[in-house]
Amino acid sequence: MAERRYDPHEIEPRWQELWARERTWEVSNESAGEELAELSARGALEQKSYVLEMLPYPSGEPHIGHLKTYSVGDAIAHYHRRMGRRVLHPMGYDSFGLPAENHAIKTGVHPRVSIAESIESFRRQFHSWGISIDWSRELATSDPSYYRWTQWIFLELFRAGLAYRKEAAVKWCPKDQTVLANEQVDAEGRCERCGCIVEVRQLEQWFLRITDYAERLLGDLDGIDWPEHVKTMQRNWIGRSEGAEVIFRCDELGIDYPVFTTRPDTLFGATFFVMAPEHPDVLRLASGTPNEQAVHDYVNRALNETNEERGNAERPKTGVPLGRTVVNPVNGEQLPMFVADYVLMEYGTGAIMAVPAHDERDYAFAKAFELPIRQVIAPRDGSEVELPYTGDGVIVSSHPEFDGMDNREALGAIVAWLDREGKGHASVNYKLRDWLISRQRYWGCPIPILYCERCGVVPVPAGQLPVELPDIEDYTPKGRSPLAAAEDWVNTTCPSCGGPARRETDTMDTFVDSSWYFLRYCDAHNDHAAWDPAALHEWMPVDQYIGGVEHAILHLMYARFFTKALADLGHLDFQEPFQSLFTQGMVTKDGAKMSKSRGNVVPPAAIVERVGADTARCYILFVGPPDQDADWSDEGVEGVHRFLGRLWRLSAETAGRAGGPSAGLEQPYAAGGEDLALLRKTHWAIDKVSGDLRRFAFNTAIAAVMELLNEVSRLRESASLEMMRFALGSAASLLFPFAPHVSADAYELLTGERVWEQHWPEADEALLEREVYELVCQVNGKVRDRVQASSGANAETLKELCRAAPNVRAHLDGRELVKEVVVPGKLVNLVVR
RNA sequence: GCGGCGGUGGCGGAACGGUAGACGCGGGGCCCUCAAAAGGCCCUGUCCGAAAGGGUGUGUGGGUUCGAAUCCCACCCGCCGCACCA
């Protein structure tokens, strides 16, 4: 017969059309209905699996990172399906947000229009990659049918007191003209998005009370199967510290100033007191003192500084005395007060007790201002130490009651004393801040709140949702939301008194939209509620979540917070949204991140065009462990393409020789020889790929199928046709999660059946064992020979075999045998002197 | 500074404490062909050797072990978080 060539451009669309036509990857919620009880009674209820990749932000076209994420997720989804589980594998778009809005400002094209185009492009490409998505549940966060429920959730949080409004110093991006969350400002004080230096402004803002959940967000990390480094990042971000709140009183003004400290054991070493420039009392304290003007100037300067300047711990300490004192509650000493920018308003109470002998920053400040330094902790061995000394030891020069005590014990004792005296108490502090969700932007979910002159802040009644985003002419931000210009929309009537009211014109941070989308997929078309609890009960939590590490903190923290808050409000019956998390590495080109400016972008569409989706997907998984960064190589792609071509050609050829497909894939009997060798190799591959899939080692899984194919190729002349068919069919079956089209095609050519309808193959333990194997013979740990040994041989026999091996004898010659180590099935090591 | 991850051929990467370098790329040789493309077969860490074989080899230096890329200690380098958090 004529030789046929592997043609992905013919094969791939053919299967994609079939899957689309038959809606192969759709799953219903039926088992949540009456059937459930019946099925479960019969024990016939299939186990569910919710496999989810982070939803894409639809901007332009998908990039290679998307290809990697969905290749990983699809492999897992397919594997779970073929292990007999009902798999939910949906897709949606995170379609609100700045890129579309900035594009609109530049081109005048409405974000709704440009987003629709991008979504279409993403959808088309996902189809062309053959990702097994349940398209019936597709959603976009900017669709009113979705954000209606984002608003509903906001109102639920509002009712529960978890959404609140307050004036706050906020990070403001002068270029994007919007408020940013703390998390969106980098260490240098630059806007995460545009890179310009962020300013500070005072504005009334909406916050979500995520800090109420700090303890649970921290504690519940222990129960979920996430990469350790992601958990660590979350723990650091929450930043829990145990210590005490201690009250320092300013007698002159009669005001108590609590401070948070992790080291109440050093209280007797406090020699001064420092407040953050943002502290609301700083100006009042200085007023009427000779330092009033100096304090005023210092505060002004500090507030105008960028985080970049202020955040630098290296620079010399600056500050100004306030001209007042506070009382140290443990010894009644008057401590001078200062304002200094090394104290942060956003942590603790915005004021600190300074213990220069035992804190590096306080030490630097004391040195710069020639303040007293009093050592109150000394090393246990009585040795002299250089100050500041931040280690543990014994209490000295403090109080007879505590002197000589271990400082860690004294810590508790001092807190207990403070508590008794009403001057302090044990306390826990977190770095985590409440989540600022207000954005002075157009393209976001409107906050469903009205301001009425008579009734004040009024939530929009649920029946009036969604508060739809009106069309406007000018998206340019001018320090307030562009929505403020839509007068017809802004001015409305108060639902409670009927009087005039104005709408909130800020929109929500897009992280709000993506904090609950995984819930909506479970019941994507529900018009009466955000979801039917039965649907969530059926699918949640997500069994396997997949995405980039860049979301390790924000998105994952927010989604966990939403889940817990909604559970507390009685809407969910689970505490964690993502049971298991996999974070995939970046795809680089020539070792560098792909970017337009570098000109090293490899668009997936171009690769698919050249070699097909199967090759692209397979290569990206083959190039290295998927959790690590991988460098794209055009030559490497060719290697995978050749491999897929070989699989297909050998399958077509074998099917041709057999006169067409036979029904199914029966394992033929192999008496011995090449047939048995090929059968064993096949079972080895089944075993290897199954194990590798469970541990996300897709690179070695694909390598194993390559090995199997190499073996098929080597034995093609000598093995029986039936064994060839079995080996190739198994190879196609094992490769299906990574390269679905060519695998489905090869499988059909060989068997006439649909590979995705077949249960995942199982390795036969008996065939994994070998009758004979190559025994490695070592002398003093060095390999000197290899001999054939039978699997049943006992230790004595193995030792004898080893001693008899020709090259071993040469190395044994005339030397004393001290020890013999036998590792059955592997090696014998003879130790000689 | 703190926390995490990593360092293996020319390259990407494999290796439950047990044959280091699977698989792929690149390179070399050969077959098929009038020629090419496509495909197929063989070799490929390094040094000595015609070969058999031997030495050497997983960032550096020690240690544990019959045996270490793997475990322990110290150090060097790289990447990623966090960072004046009291």
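Chain letters run A, B, ... following the sequence lines, proteins first, then strands; residues in each count from 1.
Counting only heavy atoms from C-beta on, A:Asp341 has its side chain closest to B:rC84 among B:rC84, B:rG81, B:rA86. Relative to the side chain of A:Gln778, the nucleotides B:rG53, B:rA86, B:rU19 differ in distance, and B:rU19 lies closest. Closest approach to the A:Pro625 side chain among B:rA14, B:rA86, B:rA38 is made by B:rA14 (side chain taken as heavy atoms from C-beta onward). When distances are taken from the side chain of A:Arg716 to each of B:rU19, B:rG40, B:rG13, the shortest belongs to B:rG40. Side-chain proximity of A:Phe622 to B:rA86, B:rG24, B:rU19: nearest is B:rG24. For A:Thr700, whose side chain is taken as the heavy atoms from C-beta onward, the closest listed nucleotide among B:rU19, B:rA22, B:rC84 is B:rA22. Considering only side-chain atoms of A:Lys782, the nucleotide from B:rG54, B:rG55, B:rA15 that sits closest is B:rG55. Here the nucleotide nearest the side chain of A:Glu707, chosen from B:rG81, B:rA22, B:rA86, is B:rA22. The side chain of A:Tyr347 sits closest to B:rA86 out of B:rC66, B:rC82, B:rA86.
Under the 3.5 Å distance criterion, the side-chain polar atoms of A:His811 are matched with a main-chain donor or acceptor of A:Asn807.
B:rG62 and B:rA15 have their P atoms separated by 29 Å, given to the nearest Å. Between the P atoms of B:rU44 and B:rC34, the separation comes to 32 Å (whole Å). Annotation: B:rC84 and B:rC73 have their P atoms spaced 31 Å apart (nearest Å). Across B:rG24 and B:rA36, the matching C1' atoms stand 26 Å from one another, rounded to whole Å. For B:rC23 and B:rC41, the P atoms lie 13 Å apart once the distance is rounded to whole Å. Nucleotides B:rC25 and B:rG39 have their P atoms positioned 11 Å apart, rounded to a whole Å. The C1' atoms of B:rA22 and B:rC76 are separated by 30 Å, rounded to the nearest whole Å. Nucleotides B:rA37 and B:rG28, compared at atom P, are 14 Å apart to the nearest Å.
Note on A:Val355: nothing from the nucleic acid sits closer than 4.0 angstrom, heavy atoms only. Residue A:Ser633 is out of contact with every strand shown, counting any heavy-atom pair closer than 4.0 Å. Using a 4.0 Å heavy-atom distance criterion, A:Asn710 is classed as a sugar-phosphate-only contact. Residue contacts for A:Asn780: at a heavy-atom cut-off of 4.0 Å it reaches no nucleic acid atom on any strand shown. Within the nucleic acid shown, A:Arg646 comes within 4.0 Å of sugar-phosphate atoms alone, with no base atom in reach, counting heavy atoms only. Across all strands shown, A:Arg642 has heavy atoms under 4.0 Å from sugar-phosphate atoms exclusively, and none from any base. Residue-level contact check: A:Glu360 touches neither bases nor backbone, having no heavy atom under 4.0 Å from any strand.
Across all strands shown, B:rA69 forms no Watson-Crick or G-U wobble pair with both key distances under 3.5 Å. Across the strands present, B:rG3 finds its partner in B:rC80; the criterion is a Watson-Crick or G-U wobble pair with both atom distances under 3.5 angstrom. B:rC30 is paired with B:rG40 under the criterion used here, namely a Watson-Crick or G-U wobble arrangement in which both key atom distances are under 3.5 Å. In this structure, B:rU19 forms no base pair with any nucleotide, since neither Watson-Crick nor G-U wobble geometry is met with both distances under 3.5 Å.
In this entry the base of B:rG27 is anti relative to its sugar, with a glycosidic angle more than 90° from 0.
Salt bridge annotation for A:Asp614-A:Arg617: absent, with no cationic side-chain nitrogen under 4.0 angstrom from a carboxylate oxygen. A salt bridge links A:Asp392 with A:Arg408: the distance from a Lys NZ or Arg NE/NH1/NH2 to an Asp or Glu carboxylate oxygen falls below 4.0 Å. A:Glu711 and A:Lys681 are not joined by a salt bridge, as no carboxylate oxygen comes within less than 4.0 angstrom of a charged side-chain nitrogen. Ion pairing between A:Arg803 and A:Glu820 holds under the 4.0 Å rule for side-chain N and carboxylate O. Salt-bridge annotation for A:Glu769 and A:Arg680: absent, with no side-chain N of the basic residue lying under 4.0 Å from a carboxylate O of the acidic one. A salt bridge does not link A:Asp7 with A:Arg5: none of the charged nitrogens is closer than 4.0 Å to a carboxylate oxygen. Using a cutoff of 4.0 Å between basic side-chain nitrogens and carboxylate oxygens, A:Asp341 and A:Arg315 are scored as salt-bridged.
Applying the 4.0 Å criterion to OP1 and OP2 of B:rC41, one finds that A:Ser713 has a side-chain N or O inside that range. The phosphate of B:rG67 (OP1 or OP2) has no side-chain N or O of A:Arg784 nearer than 4.0 angstrom. At the phosphate of B:rA38, neither OP1 nor OP2 sits under 4.0 Å from any side-chain N or O atom of A:Arg649. For A:Lys431 and B:rA83, the shortest distance from a side-chain N or O to OP1 or OP2 is not below 4.0 Å. Between A:Asn699 and B:rA22 there is no side-chain polar atom (N or O) within less than 4.0 angstrom of OP1 or OP2.
Between A:Phe696 and A:Phe582, the ring centre distance stays below 6.0 Å. Ring-centre distance between A:Phe272 and A:Phe369: not below the 6.0 Å cut-off. Residues A:Tyr558 and A:Phe511 place their aromatic rings such that the two centres sit under 6.0 Å apart.
A straight line from CD1 of A:Ile553 to C1' of B:rC80 spans 11 Å, rounded to a whole angstrom.
Contact detail for A:Leu678 and A:Ala719: the closest heavy-atom pair is CD2-CB, 3.9 Å.
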Give each protein N/O atom lying under 3.5 Å from an N/O atom of nucleotides 2-11 of chain B, with the pair distance.
none

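Applying a 4.0 Å cut-off to non-hydrogen atoms, the residues of residues 822-833 of chain A that approach RNA chain B are A:Val823, A:Lys826, A:Leu827, A:Asn829, A:Val831, listed by residue number.
Residue A:Val783 is the one, among A:Val783 and A:Gly639, whose nearest nucleotide of RNA chain B lies closer to the 5' end (criterion: closest heavy atom). Toward the 5′ end of RNA chain B lies the nearest nucleotide of A:Ala704, the other residue of the pair A:His811 and A:Ala704 mapping further downstream.
Remark: A:Asp359 engages A:Arg361 in a salt bridge (charged side-chain N to carboxylate O under 4.0 Å, His left out) (not counting sequence neighbours).
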